[in-house]
Participant: 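Have a look at this one before I ask anything.
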Amino acid sequence: MIDNDAWTMEERLWCEGESAYRDLVHPGCIMVFVAPLGILQGSEIIESIRQSPRWDWIRMTEKCFAQPSDDVMVLAYRALANRRETEAYHAYCTSTYHACENEWKLVQHQQTPHAI
């Protein structure tokens, strides 16, 4: 995986809708968010996407990319994102992808909000 492609996939998950999640997220994926979402897995993730507006834009800084094996890659970054009519959202994030049948699928994502 070329790391630029990885960052493009990550941006799709922030800004695109349900179709991006169906394309890129493994059915057993686990995501961790601040309350009230908390820990989500599988179909809970898709349902949360249906109920929440997508982000208008995301800026990722302090990017770290690791590929410890041919079929695993890990992203870590600082996110600044915004939705209409809300304050900017700041978080440290990690995402882990696994190559499944020649496609990269997100298997883990975590966000830790932080103040600026």
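The first residue of the sequence shown is numbered 1, and numbering continues consecutively from there. Any value given below was found using the heavy atoms of this structure, including those in side chains, with hydrogens, waters and symmetry copies removed.
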Participant: Show, in sequence, the C-alpha distance, side-chain angles and deciding distance for Glu18 and Arg50, and conclude whether the salt bridge (Lys or Arg N to Asp or Glu O under 4.0 Å) test is met.
Facilitator: CA-CA 7 Å; Glu18 184 178 335; Arg50 287 185 188 131; 3.1 Å; yes
Participant: Search all heavy atoms of Leu13 against all heavy atoms of Arg54 and return the closest pair with its distance.
Facilitator: O-NH2, 2.9 Å
Participant: Taking it one step at a time, do Leu75 and Cys64 satisfy side chain to side chain contact (heavy atoms under 4.5 Å, CB included)?
Facilitator: CA-CA 6 Å; Leu75 306 177; Cys64 295; over 6 Å; no
Participant: Minimum heavy-atom separation for Leu80 to Trp57, with atom names?
Facilitator: O-CZ3, 3.4 Å
Participant: Considering residues, nucleotides and ligands other than Arg59, do more than 12 of their heavy atoms fall under 6.0 Å from its CZ?
Facilitator: no
Participant: Test of understanding: clusters of I, L, V, M, F, W, Y form through side-chain heavy atoms closer than 4.5 Å, transitively. Do Phe65 and Trp14 belong to the same one?
Facilitator: yes
Participant: Hydrogens and angles aside, do Gln111 and Tyr89 bring a side-chain donor and acceptor to less than 3.5 Å of each other?
Facilitator: yes
Participant: So, Glu44 side chain and Gln41 main chain: donor-acceptor pair closer than 3.5 Å or not?
Facilitator: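 At least one qualifying donor-acceptor pair exists.
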Participant: Using atom types as modelled and distance alone, determine if a side-chain donor or acceptor of Arg83 lies under 3.5 Å from a backbone N or O of Pro53.
Facilitator: yes
Participant: Can you tell me how far apart OG (Ser52) and CG (Leu37) are? Round to the nearest 0.5 Å.
Facilitator: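 Reported to 0.5 Å precision, the distance equals 6.0 Å.
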Participant: With a 4.5 Å cut-off on side-chain heavy atoms, are Asp56 and Arg84 touching?
Facilitator: yes
Participant: Return the NE2 to NZ distance between His26 and Lys105, rounded to the nearest 0.5 Å.
Facilitator: 8.5 Å
Participant: For the hydrophobic clusters of this structure (ILVMFWY residues joined by side-chain heavy atoms under 4.5 Å, transitively), does one cluster hold both Ile30 and Tyr21?
Facilitator: no
Participant: Is there a side-chain contact between His114 and His90 in this structure, where contact means two heavy atoms from C-beta onward sitting under 4.5 Å apart?
Facilitator: yes
Participant: Just checking, any donor-acceptor pair under 3.5 angstrom between side chains of Gln110 and Thr112?
Facilitator: yes
Participant: Considering all heavy atoms of both residues, which atom of Cys29 and which atom of Ile45 are nearest to each other, and what is their separation?
Facilitator: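 Reported closest heavy-atom pair: O-CD1, 3.5 Å.
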Participant: How close do Val34 and Pro113 get, counting heavy atoms only, and between which atoms?
Facilitator: CB-CG, 3.8 Å
Participant: For the CD atom of Glu16 and the CE atom of Met9, what is their distance to the nearest 0.5 Å?
Facilitator: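 Glu16 CD to Met9 CE: 12.0 Å, rounded to 0.5 Å.
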Participant: With distance as the sole test, does Thr86 use its side chain to make a donor-acceptor pair with the main-chain N or O of Asn82 at under 3.5 Å?
Facilitator: no
Participant: Using side-chain heavy atoms (C-beta onward) and a distance below 4.5 Å, is Val72 in contact with His98?
Facilitator: yes
Participant: Of all heavy-atom pairs between Val25 and Met31, which one has the smallest distance, and what is that distance?
Facilitator: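 The pair with the smallest heavy-atom distance is CG2-CE, 4.4 Å.
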Participant: Following the transitive rule for hydrophobic clusters with a side-chain heavy-atom cut-off under 4.5 Å over Ile, Leu, Val, Met, Phe, Trp and Tyr, establish whether Met60 and Tyr97 coincide in one cluster.
Facilitator: yes
Participant: State plainly whether the residues Arg12 and Glu10 are in salt-bridge range, i.e. N to O under 4.0 Å.
Facilitator: no
Participant: Answer yes or no: does atom CD of Glu87 have more than 12 heavy-atom neighbours from other residues, nucleotides or ligands under 6.0 Å?
Facilitator: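 No, CD of Glu87 has 12 or fewer neighbouring heavy atoms, counting only those of other groups under 6.0 Å.
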Participant: Side-chain contact test, heavy atoms from C-beta onward, threshold under 4.5 Å: evaluate it for Tyr77 versus Tyr92 and give yes or no.
Facilitator: no
Participant: How close do Trp104 and Asp70 get, heavy atom to heavy atom, and via which atoms?
Facilitator: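 In this case the closest contact between Trp104 and Asp70 is CH2-O, 3.5 Å.
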Participant: Is the closest side-chain heavy-atom distance between Phe33 and Leu40 below 4.5 Å?
Facilitator: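 SC-SC contact between Phe33 and Leu40 confirmed.
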Participant: So Thr96 and Val107, side chain to side chain contact (heavy atoms under 4.5 Å, CB included) or not? Walk me through it.
Facilitator: CA-CA 6 Å; Thr96 305; Val107 295; 4.0 Å; yes
Participant: Once rounded to the nearest 0.5 Å, what's the spacing between atom NE2 of His109 and atom OG of Ser95?
Facilitator: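 Between His109 NE2 and Ser95 OG, I get 4.5 Å after rounding to 0.5 Å.
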